There are 2 protein chains.
Amino acid sequence: MAWELDSDRPIYTQLVERIQVQIISGYYPPGGKLPSVRDLAAVAAVNPNTMQKAFAELEREGLIVTQRTNGRTVTEDETLLKGIRMQMAREKVDVFVQTLKELGFSQQEILSLIQDVIEGEGKNE
Amino acid sequence: MAWELDSDRPIYTQLVERIQVQIISGYYPPGGKLPSVRDLAAVAAVNPNTMQKAFAELEREGLIVTQRTNGRTVTEDETLLKGIRMQMAREKVDVFVQTLKELGFSQQEILSLIQDVIEGEGKNE
DNA sequence: ATTGTTGTACTAACCACATAATACAATAAA
DNA sequence: TTTATTGTATTATGTGGTTAGTACAACAAT
């Protein structure tokens, strides 16, 4: 399936975030090989240049390593991966809680909304 | 203070979201008058054209009403406002929970993270 | 009546993003 | 050695967002 991309934000940014999650979640394990620029661009249905830009950003963050003519691999630094995982989670939580508070929801109401979603999904899994 | 705007997304979209929250939270009460395009553009430090575009979108959604030569007011349809409030909240919750699950957090872990933030903030308020 | 404020429309210019189409060097695979 | 694949770089083109500047009609305030 082609990746779900929002036209409201730069595509390369969305590619970065998606691949970040795939790495953090273990879909691409530490030390594992990543698809080539061309292949992954084809899968995502974007231009190779755009995927190249996303990979460059991921490399700048240290999540992936480039071997000049033999593709790319996920970093083997699992400490870094775990750190980024927690960092991403905390940022999502902070933004979420702040946003809901701005909408006028109390702490208890926020927790209730979360539990509603979790219990609702529980019936399907 | 100038509004905090992210260069990663269209400014007018961020203006829409910010004003939405201000309306939903009651900062601009139902039936209340909104600043003029030029004034609010000056406050936010953006071009009047951009603010105009944001207002046009808000009007399309029904949140605000335009009086041709006498400014704009927030809709008096409080049922609509409450509906949008819940709609926004549920979407935020859904996206949040899904994102955290993709990062490999369990339901209990998600709840714990939320409680950490809430309790942490409690000490400052 | 005059002045000021309102929403609105228009053009020009700039820039970032995205795509398309090539091209090249390095190296793995055959 | 030859071929294919890799990352990478380049140029050109199109699109959308943003700003700047200007202008106009409608109406409130004076």
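Below, chains carry the letters A, B, ... as their sequence lines are ordered, and counting in each starts from 1. All values derive from a computational prediction rather than experimental measurement. Computed over heavy atoms, backbone and side chain alike; hydrogens, waters and symmetry mates excluded.
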Peer 1: Given C:dT8, C:dA28, D:dC27, identify the nucleotide with an atom nearest to the side chain of A:N70.
Peer 2: C:dA28

Peer 1: Using atom CE of B:M51 as one end and atom P of C:dT5 as the other, report the distance to the nearest whole Å.
Peer 2: 19 Å

Peer 1: Quick check: on DNA chain D, is the nucleotide nearest A:R68 upstream (toward 5') of the one nearest B:A45, or the reverse? Name the residue that is more 5'.
Peer 2: A:R68

Peer 1: Name the closest nucleotide to the B:N49 side chain, picking from D:dG7, C:dA9, C:dC17.
Peer 2: C:dA9

Peer 1: Any side-chain donor paired with an acceptor under 3.5 Å for B:S25 and A:E102?
Peer 2: no

Peer 1: Could you check how far CD of B:E57 sits from P of C:dT8, rounded to whole Å?
Peer 2: 14 Å

Peer 1: Taking the side chain as every heavy atom from C-beta outward, state whether A:L113 and A:V117 have any atom pair closer than 4.5 Å.
Peer 2: no

Peer 1: Whole-Å distance between D:dA25 C1' and B:Q67 CD?
Peer 2: 17 Å

Peer 1: Which nucleotide wins on minimum distance to the side chain of B:N47, given the candidates D:dT6, D:dT19, C:dG7?
Peer 2: D:dT19

Peer 1: So which one's nearest nucleotide on DNA chain D is more toward 5', A:D8 or A:L34?
Peer 2: A:L34

Peer 1: Specify the separation, in whole Å, of atom NZ of B:K33 and atom P of C:dT5.
Peer 2: 12 Å

Peer 1: Have a look at B:F55 and say if it touches a base, only the backbone sugar-phosphate, or nothing, with a 4.0 Å heavy-atom cut-off.
Peer 2: nothing

Peer 1: Could you check whether the side chain of A:R38 and the base of D:dG7 have a donor-acceptor pair of N or O atoms closer than 3.5 Å, going by distance alone?
Peer 2: yes

Peer 1: Kindly point out which of C:dT8, D:dT6, D:dA26 is positioned nearest to the side chain of A:D39?
Peer 2: D:dT6

Peer 1: It should be established whether A:S36 places a side-chain nitrogen or oxygen under 4.0 Å from OP1 or OP2 of nucleotide D:dT6.
Peer 2: yes

Peer 1: Quickly work out the A:Q14 CD to C:dC17 C1' distance and round it to whole Å.
Peer 2: 12 Å

Peer 1: Would you say B:Q107 and A:Q115 are linked by a side-chain donor-acceptor pair, where the criterion is simply a distance under 3.5 Å?
Peer 2: no

Peer 1: Just the rounded figure in Å: distance from C1' of D:dG21 to CD of B:Q52.
Peer 2: 16 Å

Peer 1: Would you mind checking if B:R9 and B:E17 are paired as a salt bridge, meaning a charged N to carboxylate O distance below 4.0 Å?
Peer 2: yes

Peer 1: Roughly, in whole Å, what's the span from CG in B:L40 to C1' in C:dT6?
Peer 2: 14 Å

Peer 1: So, is A:T69 close to the C:dA25 phosphate, meaning a side-chain N or O under 4.0 Å from OP1 or OP2?
Peer 2: no

Peer 1: Which heavy atom of B:I24 sits nearest to which heavy atom of B:L81, and what is that distance?
Peer 2: CD1-O, 3.7 Å

Peer 1: If you assign A:Y12 and B:G71 each to the DNA chain C nucleotide with the nearest heavy atom, which residue ends up on the more 5' nucleotide?
Peer 2: B:G71

